[in-house]
Amino acid sequence: MKIDIIKENPIAAVFNTLGFNFISKTIGYIRMILIASVFALNMELDYYFYLQSLVFIFIVVISDINDITLLPKLLSIKNRVDLSRAARSQYFMLTLIMVVSLNLTLYVVLEYILIINNYSKNEIDQMYLIFYSILPVNILMPIFNLFGTFLRARKNFTIFLKAQLIATIFTVASFIIYHDNIYSIGLSGSIGYAIGLVYLFSHIRKDFSFFGNVFNSEVLVLLRQYPKLYIVFGSLGLLLATDRFFLSYYESGNISILQYCIMIVSLPYALLKFEDIFLTRILHKHHIKVSFDIIINIVILISFPLILFVQLNSILIVDTLFSYGDFSVNETERTATILRILSWQILPLIQWPLIYKILQFRKRQNDLIKLLGFSIILNGSIDYLAVFIFNLSVEYIFLITVIVQYTLIILGTGFVDISYRKLKLNKYFVMAYINNISAIVLINIFFDYLNFDTYTKLPLSLIFVFIMIYMNIIYSVCLNRIYHLV
C-alpha cells in the first residue's frame, strides 16, 4: 500500500530552514545571556556545564547516529504506509531503550568519574541533584530529534523547524519565569522539549505506534552500525570533555567561561555552515578537481579577520553580552582574557565539520577514530603536564585546546587528501596560515602597546579587519584559486 507524501517546495524549504534556524539560534543565544546574567561564574554552573559534556558523550550522540542509520532506511520505504509505520515504531522503541539504558549507565558511572576528578562527597551529591534536574531533557531530546528524523524522511522540514522554535521559545520563557537556582536550567529545558514534542507528535500520530518489535532482523542489522558510529561521535564528545575535566582543578567559573566563549566563537560556524555549502560539490565525482585546499583558502579568507576582530574587541563583546545582573567587572575581564585565546577556534570550528563529513561520507570512520583518538591523547597528556607537573595557569589549558584543534584540522586535511588521492594539499595555504597568524599577533602587540580604550579600538579594529580581508582576496586572486569555485 502506498501513501501520498506531502513534499515542500525546495526553494521554500531552504528559506524556511534559514529563517527558523536563525530565529531559534538567536533565542538560544539570548538564553545563554540570561543564564550568564543570573549565575555569572559560579561553581554550580560549572557543575552543570561539566555534566552537559558527559551527557553529550553518553546520550546526545544517539540523535546523530539515528540520522545516519535510520534516515536512509526510512527514505527507501517512505511510500509504503505499512512498512513505514512498522519501522517508525521499531525505531522509537529502539531509541527509547538506548536512551534509558545510557542514562542509567551515566547514573552509575558518574560517581566514579567524579571521584577520579577529585570531587568531594558534597560536590558529588550536588552533581547528582543537577543530574536529576536534567534527566527529563536527556530522555526527551533524543525522542524529539527522532521524530524530526521521521518528518525529514517525509520531506516535511518546516514542521520540525517549527517544533525546534517552539521548544526554544518555551525553554527561554520558562527560565525567565523561574530562575531561582541551578535546577531551573534543566527544568526549563524539559518544559520546552515536552511542548515541542507534543507539537511533533500531533503531525506523525497517524503513521506511528508506540510499540514495535526491536528484535527483528532489520533492526539487528542496523544495530551493527552503532558501535563504530558511537565510538566516532563519543570520541568527539570526549575531546570536548577533556578540557572540562582539567579545568575543574582550577578556581570556579572557568568551565562557565569556556562555555560562554564557545558560544561567541561558534557563531560564525552556526551562520556559515560551510559543510552544507561545499560538501556536495566536493563529493561529486565531476568536481573532484575542485581541490580541498581551495575551500581552505576561503575559510582562511573569512576566519582570520573575524579572529582579529574578536581579539581586539574582546572586552567590548563580553561587556555587551554578559555584563548584566551578577556578572562583575572582574568576571568580565577574566572572560575577555580567555576569549582572546579561544577566538583562534573560529577557524577550526568552521573547517573541522567539513573534514569530518567528507571522511564520514567516504566511509573513513577508522580515520576519524584515529584522528580523534590521537587528539584526545594529545590534549589529555599536555593538560596533565600543565596542571600536575608544571602547575601552569589556567590560560595555558585554553591555549592547549587551541593548539590541539589546529593539529586536528591539519592532520584531518591530510586524511582528506589521502581519501581523494588525486587531490594535492595546496602548499600556499600553509603560507596563508603563517601570514595571517603573524599579522594578528603583530596587530595585537601594536594595540596593546598603544593601550587604546575600548571604544577607540572598535573603529580601528574594523579598519585592520578590512585590510586583512583585502589582502587575503588579493592573495587568493593572484594564485588564481578562488575563481575555480565560480
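What you see is a predicted model, and the numbers here were worked out from it, not measured in a lab. In this chain, residues are counted from 1 in sequence order.
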Gap between atom CZ of F49 and atom CG of L54 - 0.5 Å precision: 14.0 Å
Kindly list each side-chain donor-acceptor pair under 3.5 angstrom involving residues 387-395, sequence neighbours excluded, with atom names and distances?
| from | atom 1 | to | atom 2 | distance (Å) |
| --- | --- | --- | --- | --- |
| S393 | OG | E395 | OE1 | 2.9 |

Qualifying residues under ring-ring contact (aromatic ring centres under 6.0 Å, His included), relative to Y226, sequence neighbours excluded: none
Beyond-backbone contact of Q52 with Q259, side-chain heavy atoms, under 4.5 angstrom: no
Residue pairs passing the salt bridge (charged side-chain N to carboxylate O under 4.0 Å, His left out) test where at least one lies in residues 124-141, sequence neighbours excluded: K121-D125
F233 and V60: CA distance, side-chain angles, deciding distance, side-chain contact (heavy atoms from CB on, under 4.5 Å) verdict: CA-CA 9 Å; F233 286 104; V60 175; over 6 Å; no
Contact check, side chains of L408 and P348, non-hydrogen atoms, under 4.5 Å: no
D64: salt bridge (charged side-chain N to carboxylate O under 4.0 Å, His left out) partners, not counting sequence neighbours: none
Beyond-backbone contact of L236 with L368, side-chain heavy atoms, under 4.5 angstrom: no
Which residues share a side chain to side chain donor-acceptor pair (under 3.5 Å) with Q126, sequence neighbours left out: E44, Y183
Test side chain to side chain donor-acceptor pair (under 3.5 Å) applied to S328 - qualifying residues, sequence neighbours left out: E331
Side-chain donor or acceptor of D46 paired with backbone N/O of G253 under 3.5 Å: yes
For R334, all residues meeting side chain to side chain donor-acceptor pair (under 3.5 Å), sequence neighbours excluded: N254
Ring centre gap for Y107 and Y128 strictly below 6.0 Å: yes
Please report, to 0.1 Å, the donor-acceptor pairs under 3.5 Å made by any side chain of residues 303-320, with sequence neighbours excluded.
| from | atom 1 | to | atom 2 | distance (Å) |
| --- | --- | --- | --- | --- |
| S303 | OG | V299 | O | 2.7 |
| Q311 | OE1 | N444 | ND2 | 2.6 |
| Q311 | NE2 | R340 | O | 3.3 |
| Q311 | NE2 | S343 | OG | 3.1 |
| N313 | ND2 | F309 | O | 2.9 |
| N313 | ND2 | S461 | OG | 2.9 |
| D319 | OD1 | S323 | OG | 3.0 |
| T320 | OG1 | L316 | O | 2.7 |

Pairs satisfying side chain to side chain donor-acceptor pair (under 3.5 Å), at least one member in residues 163-176, at least two apart: none
Show every donor-acceptor pair shorter than 3.5 Å between a side-chain atom in residues 34-41 and any protein atom, with sequence neighbours excluded, or say none if there are none.
| from | atom 1 | to | atom 2 | distance (Å) |
| --- | --- | --- | --- | --- |
| S37 | OG | L34 | O | 2.7 |

Check: T456 side chain, F452 main-chain N or O, donor-acceptor pair, under 3.5 Å: no
Check: Y230 side chain, F58 main-chain N or O, donor-acceptor pair, under 3.5 Å: yes
Side chain to side chain donor-acceptor pair (under 3.5 Å) partners of S375, counting only residues at least two apart: none
Quick one: side chains of residues 129-146, donor-acceptor pairs under 3.5 Å with protein atoms, not counting sequence neighbours, listed by atom name and distance.
| from | atom 1 | to | atom 2 | distance (Å) |
| --- | --- | --- | --- | --- |
| S133 | OG | I130 | O | 2.6 |
| N138 | ND2 | N103 | OD1 | 3.3 |
| N145 | ND2 | S63 | OG | 3.0 |
| N145 | ND2 | M141 | O | 3.3 |

